[in-house]
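Each residue takes its place number in the sequence, starting with 1. Computed over heavy atoms, backbone and side chain alike; hydrogens, waters and symmetry mates excluded.
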Amino acid sequence: MTLSNAVEVQSTENNDESLRENYLQALILIERLHRQLLDVIKDEFDRNGKTDINSVQALLLFNIGDSEMTAGELRSRGHYLGSNVSYNLKKLVEAGYINHQRSDMDRRSVRVRLTDTGREVCDHVNALFDRQLKSVEEIGGVSQDDLAHVNKTLFKLERFWMDQIRFRL
């Protein structure tokens with residue numbers, strides 16, 4: 001093996017290890033950021049004395065927004081795990097945040113939409129995000145270009161993982 005080939009092999013090994021480290025760090029950050037987002041929402045609701053709803057439920061209401069959808073649609077959008085959606089929707093219906101109605105076409109399917117109270121929670125989360133937008137660049141040091149780049153990368157990762165499942169790669 002020539003010196004040139006040895007350097008090339010070493011470089012490839014270093015690149016592979018660097019890719020692995022960066023990939024695993026990204027996975028950890030994605031999971032951690034989701035938990036921190038839930039903590040930020042919980043803190044916001046705690047500060048305002050709204051303790052009858054948890055952060056997962058508040059985010060669920062935010063993601064429903066003005067739409068009317070089924071639990072399956074919420075799951076397919078990738079927001080929640082199956083039992084988590086069903087449990088939280090049941091709790092939100094019981095608390096009066098969501099109206100639900102059985103589909104005329106498929107009696108097994110239930111469509112949900114926000115009540116006025118649910119809309120207030122959605123608006124509160126939206127206001128929180130709007131407040132953050134006003135300071136994310138100045139205080140957080142995160143520019144619009146940074147967010148665009150992160151989003152592009154996360155969409156690529158999402159597509160990659162979906163293909164892993166779809167095509168059993």
Side-chain angles (χ1 to χ4, degrees), residues 26-137 140 142-168:
L27 297 178
I28 290 166
L29 281 170
I30 290 166
E31 184 179 1
R32 188 182 330 157
L33 287 170
H34 179 69
R35 283 194 313 270
Q36 286 177 340
L37 171 63
L38 293 175
D39 288 346
V40 165
I41 293 169
K42 180 186 181 319
D43 182 62
E44 175 72 12
F45 279 81
D46 287 350
R47 285 188 212 188
N48 290 285
K50 189 128 184 87
T51 57
D52 63 329
I53 187 168
N54 66 42
S55 55
V56 170
Q57 293 166 343
L59 192 57
L60 181 65
L61 294 173
F62 175 79
N63 285 316
I64 292 171
D66 293 328
S67 301
E68 182 177 300
M69 60 185 68
T70 66
E73 289 169 329
L74 283 166
R75 273 191 306 274
S76 69
R77 289 182 181 191
H79 296 300
Y80 309 94
L81 300 175
S83 61
N84 196 7
V85 172
S86 300
Y87 171 81
N88 282 308
L89 287 177
K90 179 182 176 201
K91 291 295 184 185
L92 290 167
V93 167
E94 290 171 359
Y97 291 104
I98 289 180
N99 284 326
H100 71 292
Q101 181 177 2
R102 292 232 175 259
S103 170
D104 293 333
M105 305 296 255
D106 180 358
R107 301 301 295 166
R108 297 170 296 171
S109 178
V110 176
R111 300 202 60 80
V112 297
R113 69 180 181 288
L114 302 185
T115 62
D116 290 341
T117 309
R119 184 78 231 162
E120 289 173 14
V121 171
C122 178
D123 291 344
H124 195 105
V125 174
N126 201 33
L128 167 65
F129 293 161
D130 284 345
R131 268 197 337 269
Q132 290 177 338
L133 280 172
K134 293 177 182 170
S135 62
V136 72
E137 188 164 15
V142 180
S143 71
Q144 183 173 341
D145 288 343
D146 292 337
L147 289 172
H149 183 71
V150 164
N151 289 339
K152 183 177 179 180
T153 302
L154 290 173
F155 280 125
K156 287 179 181 179
L157 261 178
E158 179 183 35
R159 192 173 337 117
F160 171 74
W161 288 334
M162 288 172 63
D163 288 349
Q164 294 293 301
I165 296 165
R166 183 180 304 130
F167 302 118
R168 297 182 179 202

Review item, side-chain donor-acceptor pairs of residues 35-42, under 3.5 Å, at least two apart:
unit_1 : atom_1 : unit_2 : atom_2 : d
Arg35  : NH1    : Glu31  : OE2    : 3.2
Lys42  : NZ     : Asp46  : OD2    : 2.6

Review point. In chain order, what residues pass the side-chain hydrogen bond (donor to acceptor under 3.5 Å, both in side chains) check against Arg111, with sequence neighbours excluded?
Key: Glu68
Check your understanding: With Asp163, which residues qualify under side-chain hydrogen bond (donor to acceptor under 3.5 Å, both in side chains), at least two apart?
Key -> Arg166
Point to revise | Test salt bridge (charged side-chain N to carboxylate O under 4.0 Å, His left out) applied to Arg47 - qualifying residues, sequence neighbours left out | key: Asp43
Review point. Looking at residues at least two apart in the chain, or sitting in another chain, which of them share a salt bridge (charged side-chain N to carboxylate O under 4.0 Å, His left out) with Arg32?
Key: none
Check residues 120-127 and write down every donor-acceptor pair under 3.5 Å in which the side-chain atom is one partner and the other belongs to a residue at least two apart or another chain.
unit_1 : atom_1 : unit_2 : atom_2 : d
Asp123 : OD1    : Arg119 : NE     : 3.2
Asp123 : OD1    : Arg119 : NH2    : 2.9
His124 : NE2    : Glu44  : OE2    : 3.1
His124 : NE2    : Asn48  : ND2    : 3.4

Point to revise | Asn54 and Asn88: CA distance, side-chain angles, deciding distance, side-chain contact (heavy atoms from CB on, under 4.5 Å) verdict | key: CA-CA 9 Å; Asn54 66 42; Asn88 282 308; 4.1 Å; yes
Check your understanding: Where do Leu89 and Val110 land on the side-chain contact (heavy atoms from CB on, under 4.5 Å) test, with the steps shown first?
Key -> CA-CA 10 Å; Leu89 287 177; Val110 176; over 6 Å; no
Revision key, fill the gap. For Val136, the side-chain contact (heavy atoms from CB on, under 4.5 Å) test, sequence neighbours excluded, returns Val142
Please tell me if the side chains of [X] and [Y] come closer than 4.5 Å, counting only heavy atoms from C-beta onward.
X      : Y      : value
Ile30  : His34  : no
Leu157 : Trp161 : yes
Met69  : Asn63  : no

Do any side-chain atoms of residues 91-100 form donor-acceptor pairs under 3.5 angstrom with protein atoms, and if so which ones, sequence neighbours left out?
unit_1 : atom_1 : unit_2 : atom_2 : d
Tyr97  : OH     : Lys50  : NZ     : 3.1
Tyr97  : OH     : Asp52  : OD1    : 3.1
Tyr97  : OH     : Asp52  : OD2    : 2.5

Check your understanding: side chain to side chain donor-acceptor pair (under 3.5 Å): which pairs involve residues 144-159, sequence neighbours left out?
Key -> Ser143-Asp146
